[in-house]
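Below you'll find the structure, written out as structure tokens, and then a few comments.
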Amino acid sequence: MGDPAFAVLGRDGRVIDAALTDDTGGAVERVRLDDDTLPGWVRDRESAGRIRWVWNDTARWYPRLLRAGVTVARCWDLRLGHAILRWAQSVPADDPVRTAGPWASASADPAAEPDSPALFEWDGGAGAHTGLPSGLDAALAEWRSQEAAVRRSEDPARLRLLLAAESAGGLLASELTAAGVPWDVAEHERVLTTALGEIGPGGRPRRLEELAAGIRTALGDPALNPDSPPQLLRSLRRAGITVQTTGRWELAQHEHPAIAPLLEYKKLARLLTANGWAWLDEWVRDGRFRPVYVPGGVVTGRWASSGGGALQIPRQLRQAVRADPGWKLVVADVAQLEPRVLAGMSSDASLAQAARGRDLYAGIVEATAIATRPEAKVAMLGAMYGATTGDSGRLVPHLRRSFPRAMRLVDDAARIGEDGGAVSTWLGRTSPPPDERWRGVQRRASEAGATAADIDRARRAARDRGRFTRNFVVQGTAAEWALAWLADLRGRLSALPAASASAPGSGPVFSTRAHAAFFLHDEVIVHTPAELADDVAAAVQASAAEAARLLFGDFPLDFPLDVRIADAADKA
DNA sequence: GAAACAGGCGCG
DNA sequence: AAAGCGCGCCTGTTTC
């Protein structure tokens, strides 16, 4: 055979079997490995030429390779691939990959598994806990099945791009956990102490206790626990504050001496419980926050996270994200990603024209009867989320007049969802079908003898689903763009030279290399040796241009980035 | 006493 | 301000 293009890995107990194939999948050479010989062998194959690793689940193979100091450039993650192909509309409905089976039932979250092999050691028969097939023959069979499904699909090139991007995301997720977010504990503690005060004798921060006392006095309820919504609601009403909920926005509309301390209390209590000293203790080790990411964890294709609230780090604490000495952070985010991909997928030249340059919302003000930037923003969000009332709902018709193609795309997606149908992203990720409960509600409303309440319930459920599918196509395509961006960036970063200064907390692979440290939907933070920061910033830009080209070809559409080189991740 | 649910709020 | 989408996690409360 010629140079191998693929290496398929499977595991049976302590034995690891590898099959090398060329790009037709035909010629096969088999190799037998174990835990000790695997990393060295992978490193050798990886450096011998371009190869794609095919395995059941990146989260079960890659972390231990990274711990051994080995990276891989490309893979085909069969679990992630199956999750996409299982529902993909562009694959014929009778294709075997679209039927239920063991590859579909596996958990997406290795951290949720007992004795997680992703985080600790192999369990002796990887997959035993999850039902995910682990042997080489199963991997080969599933790989051929997925390959065949892609070939039979309406648009193999797009689906192939999606699977490659999704798999690259799987690699990136493991790498992000391995490298960690550089976290300055002293800075974090400064933020906590400044906001909450020192810990008092009761073990609670002083400032929080003072505010609680002030609330009790103002409401005349000395026993009140402000953390209990039912108690708080009763107490507020007794004090003559006629609220329906204890939510921040409703409270802010009332005048009363209890309101100000209560709002402040809620804000600080949130900081304490979500990201206080206990969080620091549990989640930051050796100057790194290491969250577990769950690629494809959201139906739209966005990532989810498990543990540590990685995707909810409050802006208040971003100053604790701090580069190591001799290193810098390159912080980059895409401006208004979702409306831009909407312009691309609908080929709406007017919206693309409005998106030219940095601020899409300013462009909308110029192109429409909408007068101000904030109005342009709520109008566009309303169009993508399905707003029907309020300022947003009122402004959406202006967008329909000026950007008919883009608006038709989201309106069509909503209508299909309301009818119980499925919609797909630009690259072919398809929304899941409505569940049995939803279909039951619709069925009941169309039966003879349906009550007005039945019909009302069905209509509401239909509209709910319409808003979901409306947003699915936009949010999902934005996630694809971001994955393509990050996948390309991985390659560029790995081609940069090694560092002169070391960042020891980042693990065996990344302590001497520029590496992505954090990824959140449309934003990336790269931790880089200071001398490479300018190169990294250029790479981030080049990758954005490449993502635009990969998804939308020559369609003239900007994806401007906000890129900063800094020591800390907060906005200067 | 654990599990499930609700209210609330952080992020995009 | 929210509204209109997608998440995760904390506390308190209810249910088993």
Side-chain angles (χ1 to χ4, degrees), chain A residues 108-109 111-112 224-234 243-254 262-263 265-276 278-279 282-283 291-318 333-339 342 374-375 377-396 399 410-411 413-414 417 423 425 431-432 463-479 481-482 518-524 569:
Chain A
D109 179 2
L224 172 68
N225 173 7
D227 292 325
S228 164
Q231 270 190 48
L232 183 57
L233 193 59
R234 275 195 299 274
V243 286
Q244 304 305 308
T245 70
T246 60
R248 191 187 357 137
W249 302 119
E250 197 183 349
L251 287 171
Q253 293 173 338
H254 291 79
L262 184 50
L263 294 179
Y265 178 90
K266 282 171 164 280
K267 194 173 153 162
L268 295 182
R270 166 79 192 189
L271 176 63
L272 175 67
T273 58
N275 296 99
W279 182 91
E282 184 176 356
W283 288 103
V292 174
Y293 297 88
V294 186
V298 179
V299 279
T300 59
R302 275 187 174 181
W303 288 10
S305 72
S306 165
L311 275 42
Q312 305 140 254
I313 297 170
R315 307 205 71 85
Q316 210 177 353
L317 282 179
R318 295 185 54 130
D333 64 271
V334 195
Q336 305 108 24
L337 177 56
E338 291 189 356
L342 174 57
E375 287 178 311
K377 183 172 177 174
V378 296
M380 186 47 84
L381 291 177
M384 294 188 300
Y385 294 169
T388 55
T389 61
D391 288 349
S392 181
R394 182 172 54 75
L395 291 164
V396 170
L399 297 182
V410 285
D411 288 344
V423 297
T425 61
S431 62
R463 285 204 204 97
D464 287 350
R465 188 156 192 282
R467 286 194 303 276
F468 165 65
T469 51
R470 168 191 293 272
N471 187 247
F472 181 94
V473 294
V474 181
Q475 186 183 118
T477 302
W481 189 96
F518 188 66
F519 169 53
L520 180 58
H521 308 320
D522 61 357
E523 171 184 11
V524 64

When you measure from the side-chain N and O atoms of A:Lys266 to the phosphate of B:dC9, is any distance below 4.0 Å, counting only OP1 and OP2? yes
Taking only N and O in the side chain of A:Arg315, is any of them less than 4.0 Å away from OP1 or OP2 of B:dG12? yes
Using whole Å, what does the distance between atom C1' of nucleotide B:dC9 and atom CG of A:Leu311 come to? 15 Å
Of all residues at least two apart in sequence or in a different chain, which pass the ring-ring contact (aromatic ring centres under 6.0 Å, His included) check with A:Phe518? none
Take atom CG of A:Leu268 and atom P of C:dC10, then tell me their distance rounded to the nearest Å. 18 Å
Could you tell me the separation between the CG atom of A:Leu232 and the P atom of B:dG8, rounded to a whole number of Å? 9 Å
Closest to the A:Gln312 side chain, choosing from C:dT13, B:dC11, C:dT11: B:dC11
Please confirm whether the shortest side-chain N or O distance from A:Arg318 to OP1 or OP2 of B:dC11 is below 4.0 Å. no
Nearest-neighbour nucleotide for the A:Gln475 side chain, B:dG8, C:dA2, C:dC5 considered: C:dC5
May I ask you to verify if any side-chain N or O of A:Asn471 is less than 4.0 angstrom from the OP1 or OP2 atom of C:dG4? no
Atom CZ of A:Arg394 to atom C1' of C:dA2: distance rounded to whole Å? 14 Å
Can you tell me which nucleotide in C:dT11, C:dG6, C:dG4 comes closest to the side chain of A:Thr273? C:dT11
Under 4.5 Å between any side-chain heavy atoms of A:Leu311 and A:Arg302, yes or no? no
Verify the contact: side-chain N or O of A:Ser392 to OP1 or OP2 of C:dA2, cut-off strictly under 4.0 Å; return yes or no. no
Apply side chain to side chain contact (heavy atoms under 4.5 Å, CB included) to A:Leu263 and list each qualifying residue two or more places apart in sequence or on a separate chain. A:Arg248, A:Leu251, A:Ala252, A:Ile259
Under the side-chain hydrogen bond (donor to acceptor under 3.5 Å, both in side chains) rule, collect the residues that match up with A:Glu523, sequence neighbours excluded. A:Arg318
Of the listed nucleotides C:dG6, C:dA2, C:dC5, the one nearest the side chain of A:Asp391: C:dA2
With sequence neighbours excluded, residues passing salt bridge (charged side-chain N to carboxylate O under 4.0 Å, His left out) with A:Asp522: none
Checking A:Arg394 now: which residues fulfil salt bridge (charged side-chain N to carboxylate O under 4.0 Å, His left out) with it, not counting sequence neighbours? A:Asp391
Closest to the A:Asn225 side chain: C:dA1, B:dG10, C:dG12? C:dG12
For a quick check of understanding: with a heavy-atom distance under 4.0 Å over all strands, which category does A:Arg248 fall into, base, sugar-phosphate or nothing? sugar-phosphate
Start at the 5' end of DNA chain C and walk down; is the nucleotide closest to A:Arg302 or to A:Trp249 reached first? A:Trp249
What is the separation between atom CZ on A:Arg463 and atom C1' on C:dC5, rounded to the nearest whole Å? 17 Å
Please determine whether side-chain contact (heavy atoms from CB on, under 4.5 Å) holds for the pair A:Gln475 and A:Val298, giving the CA-CA distance in whole Å, both sets of side-chain angles, and the decisive distance to 0.1 Å. CA-CA 10 Å; A:Gln475 186 183 118; A:Val298 179; 4.1 Å; yes
Base, sugar-phosphate or nothing for A:Val299? Non-hydrogen atoms, less than 4.0 Å. sugar-phosphate
Those residues that, when tested against A:Arg470, pass salt bridge (charged side-chain N to carboxylate O under 4.0 Å, His left out) (two or more places apart): A:Asp411
Could you tell me how far apart A:Leu342 (CG) and C:dC5 (C1') are, to the nearest whole angstrom? 14 Å
Send over the distance from A:Glu338 CD to C:dC5 C1', rounded to a whole Å. 8 Å
Tabulate atom names and distances for all N/O pairs under 3.5 angstrom spanning the protein and nucleotides 1-5 of chain B.
none

Sequence neighbours left out, what passes side chain to side chain contact (heavy atoms under 4.5 Å, CB included) with A:Tyr265? Give chain and number order. A:Arg204, A:Leu208, A:Leu211, A:Ala212, A:Ile215, A:Pro226, A:Asp227, A:Ala269
Among all residues two or more places apart in sequence or in another chain, which pass the side-chain hydrogen bond (donor to acceptor under 3.5 Å, both in side chains) test with A:Glu250? A:Thr245
Heavy atoms under 4.0 Å, any strand shown: does A:Ile313 hit a base, just sugar-phosphate, or nothing? sugar-phosphate
Within the sub-3.5 Å range, which N or O atoms of nucleotides 14-16 of chain C have a protein N or O partner, and how far apart are they?
none

I want to verify a distance call: between C:dG4, B:dG7, B:dG10, whose nearest atom is closest to the A:Ala387 side chain? C:dG4
Checking A:Arg270 now: which residues fulfil salt bridge (charged side-chain N to carboxylate O under 4.0 Å, His left out) with it, not counting sequence neighbours? none
Please map the stems of DNA chain C, keeping only stretches of three or more Watson-Crick or G-U wobble pairs with both distances under 3.5 angstrom. B:1-12 with C:5-16
Check the distance between C:dG4's P and A:Phe472's CZ and give it to me in whole angstrom. 22 Å
5' priority, DNA chain C, between A:Gly308 and A:Pro229 [closest heavy atom]: A:Gly308
Distance check: side-chain N/O of A:Arg467 vs OP1/OP2 of C:dC5, anything under 4.0 Å? yes
